[in-house]
Amino acid sequence: MEKLLSSSGAAAAVASQGQLPDCFVFPADRRPPASTAAVSLPVIDLSGPRDAVRRAVLDAGKELGFFQVVNHGVPPETMREMAAVCEEFFRLPAEDKAAFYSDAEENPNRLFSSTIYEVGDQRYWRDCLRLACGFPVADDTNTHWPDKPHHLRDVTEKFFVATRGLGIELLRLLCEGMGLRPDYFERDLTAGDVIINVNHYPPCPDPSLTLGLPPHCDRNLITLLLQGDVFGLQVSYNGDWINVDPVPDAFVVNFGHLLEELVGDGGQPQYRTVTFREFMRIYKTVGARRDSVEKAFKI
């Protein structure tokens, strides 16, 4: 209980006191400047003609690496129920969440505070509920998830299934656009767990002095982001930071590094081959910044 109150519940506790502890304050040179870029994320309607959609996905992935999708097939009620049950979870009394709190990064299902990245003594203004799900969904999968609120397990499982289906479809569109077989990324590359990070940002006494997350590149093959009521997502483009204006019921999509970035002139690989275990070790060590990650694996 004491650990939960001092870590996972820290942001909410200090917010009620009206002051920001020093461990949450970042120097100005570590806080991204206000966005001045005029570029906005493309919004792709997945209900359009397939040829046009695959071209839009490929172009957006190559240019920005990020885009938003609408008419994506995830039922609106599934999205609303997921957002609502997660809000309900974070409103639970601390004693109801204490048993699920863990600093053990190897635990795929846990509640934790700040960030998994190496950041020294500084803390990020975030609590996070992390849940993992393998596919096909096993009968006992959700027994590793919190049992409160009582409907969290059923709602989360529906959200997992729907969003994984969207992710696979986006990867297929990308493959088709690049001239690869549609299932190129399937089997081994998509056989691992699907991970959901539910980020919770309590009211902050001075948001201008702190950050919810550090600048980072995602380690995943594909990331789908459903923005909540706390805005502030920025993506890096040509050395500038772009604010992402949320589109209702849209997912923000990040493909990470496209295959065309991994192969240089003449088809020669630019990055060394590593196991996933080694990749994760280095990824966490360098702090998950894109420039640092690329440098660590460059041939």
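Heavy atoms only: backbone and side chains are in, while hydrogens, waters and symmetry mates are out. Positions are given from 1, in the same order as the sequence printed here. Small disclaimer: the values here were computed from a predicted structure and weren't measured.
Distance CZ/F67 to CG/L170: 5.5 Å, rounded to 0.5 Å. One finds the OG1 atom of T273 at 10.0 Å from the CD atom of E278 (value rounded to the nearest 0.5 Å). Between the OG atom in S47 and the CG atom in N71 there is a gap of 4.0 Å [rounded to 0.5 Å]. Rounding to the nearest 0.5 angstrom, the gap separating the CZ atom in F89 from the NZ atom in K97 is 6.0 Å. Here NE2 of H144 is found 9.5 Å from CZ of R153. Values are rounded to the nearest 0.5 Å. To the nearest 0.5 angstrom, I196 atom CD1 is 10.5 Å from C128 atom SG.
Each of F26, F24, Y201 was compared with Y124 under the ring-ring contact (aromatic ring centres under 6.0 Å, His included) criterion, and only F26 meets it.
The side-chain heavy atoms of L173 and L46, taken from C-beta on, include a pair separated by under 4.5 Å. L20 has its side chain within reach of T210: a pair of non-hydrogen atoms, C-beta onward, lies under 4.5 Å apart. F100 has its side chain within reach of N109: a pair of non-hydrogen atoms, C-beta onward, lies under 4.5 Å apart. Side chains of V247 and V70 form a contact here, defined as non-hydrogen atoms less than 4.5 Å apart. Side chains of E105 and F112 form no contact here, defined as non-hydrogen atoms less than 4.5 Å apart. The shortest distance between side-chain heavy atoms of L131 and I195 does not fall below 4.5 Å. Proximity of D193 to C133: side-chain heavy atoms (C-beta onward) are nowhere separated by under 4.5 Å. Annotation: side chain of L64 is not in contact with side chain of V235 (no heavy-atom distance under 4.5 Å).
Although no hydrogens or angles enter the test, the distance criterion places a donor-acceptor pair under 3.5 Å between the side chain of T156 and the main chain of L152. With hydrogens and angles disregarded, a donor-acceptor distance shorter than 3.5 Å links the side chain of R31 to the backbone of S208. Looking at R110, its side chain does come within 3.5 Å of a backbone N or O of S102 through a donor-acceptor pair. Judged by distance alone, the side chain of W145 and the main-chain N or O of A132 form a donor-acceptor pair under 3.5 Å.
Both V161 and V85 sit in one connected hydrophobic cluster of ILVMFWY residues. Membership requires side-chain heavy atoms under 4.5 Å apart, directly or through other members. Both V244 and L225 belong to a single network of hydrophobic side chains, linked directly or stepwise wherever heavy atoms of I, L, V, M, F, W or Y lie under 4.5 Å apart. A chain of hydrophobic side-chain contacts below 4.5 Å, direct or via other Ile, Leu, Val, Met, Phe, Trp or Tyr residues, connects V194 to L166. Put simply, L174 and L180 are part of the same group of oily side chains (I, L, V, M, F, W, Y) that touch within less than 4.5 Å, one to the next. A continuous path of Ile, Leu, Val, Met, Phe, Trp and Tyr side chains, each step under 4.5 Å between heavy atoms, connects Y101 with L92, placing both in one hydrophobic cluster.
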* Asked: What's the verdict on side-chain contact (heavy atoms from CB on, under 4.5 Å) for I222 and L171, showing C-alpha distance, side-chain angles and the deciding distance?
  -> CA-CA 8 Å; I222 182 173; L171 289 172; 4.2 Å; yes
* To do: Decide yes or no on side-chain contact (heavy atoms from CB on, under 4.5 Å) for V74 and M79, but give the supporting numbers first.
  => CA-CA 7 Å; V74 179; M79 300 161 65; 3.7 Å; yes
* Please lay out, stage by stage, how I44 and Q68 fare under the test side-chain contact (heavy atoms from CB on, under 4.5 Å). => CA-CA 6 Å; I44 301 175; Q68 299 186 79; over 6 Å; no
* Show your working on side-chain contact (heavy atoms from CB on, under 4.5 Å) between L129 and H200 and close with a plain yes or no. => CA-CA 8 Å; L129 173 63; H200 175 63; over 6 Å; no
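A donor-acceptor contact under 3.5 angstrom links the side chains of E88 and H151, judged on distance only.
By the 4.0 Å N-to-carboxylate-O rule, K158 lies too far from D154 to be salt-bridged with it. One finds no salt bridge joining E176 and R181 here, because no Lys/Arg side-chain nitrogen approaches an Asp/Glu carboxylate oxygen to under 4.0 Å. Ion pairing between a basic and an acidic side chain is recognised when a charged N comes within 4.0 Å of a carboxylate O; E169 and R50 show such pairing.
In terms of heavy atoms, P202 sits closest to D127 at CG-OD2, 4.4 Å. The minimum heavy-atom distance linking L224 with G167 is given by the pair CD1-N, 4.1 Å. Here the shortest heavy-atom pairing between G177 and L58 reads O-CD2, 3.2 Å. Annotation for N199 and R126: closest pair OD1-NH1, 2.6 Å, computed over non-hydrogen atoms. Minimum interatomic distance between T163 and F160 (heavy atoms only, all atoms of both residues): OG1-O, 3.3 Å.
The number of heavy-atom neighbours closer than 6.0 Å to CZ of R272, taken from other residues, nucleotides and ligands shown, is above 12.
Ring-plane geometry between F159 and F251 is classed as tilted, the angle between the planes lying from 30 to 60 degrees on a 0 to 90 degree scale.
The cationic group of R164 lies under 6.0 Å from the six-membered ring centre of F135 and within 45° of the ring axis, placing it in a cation-pi geometry.
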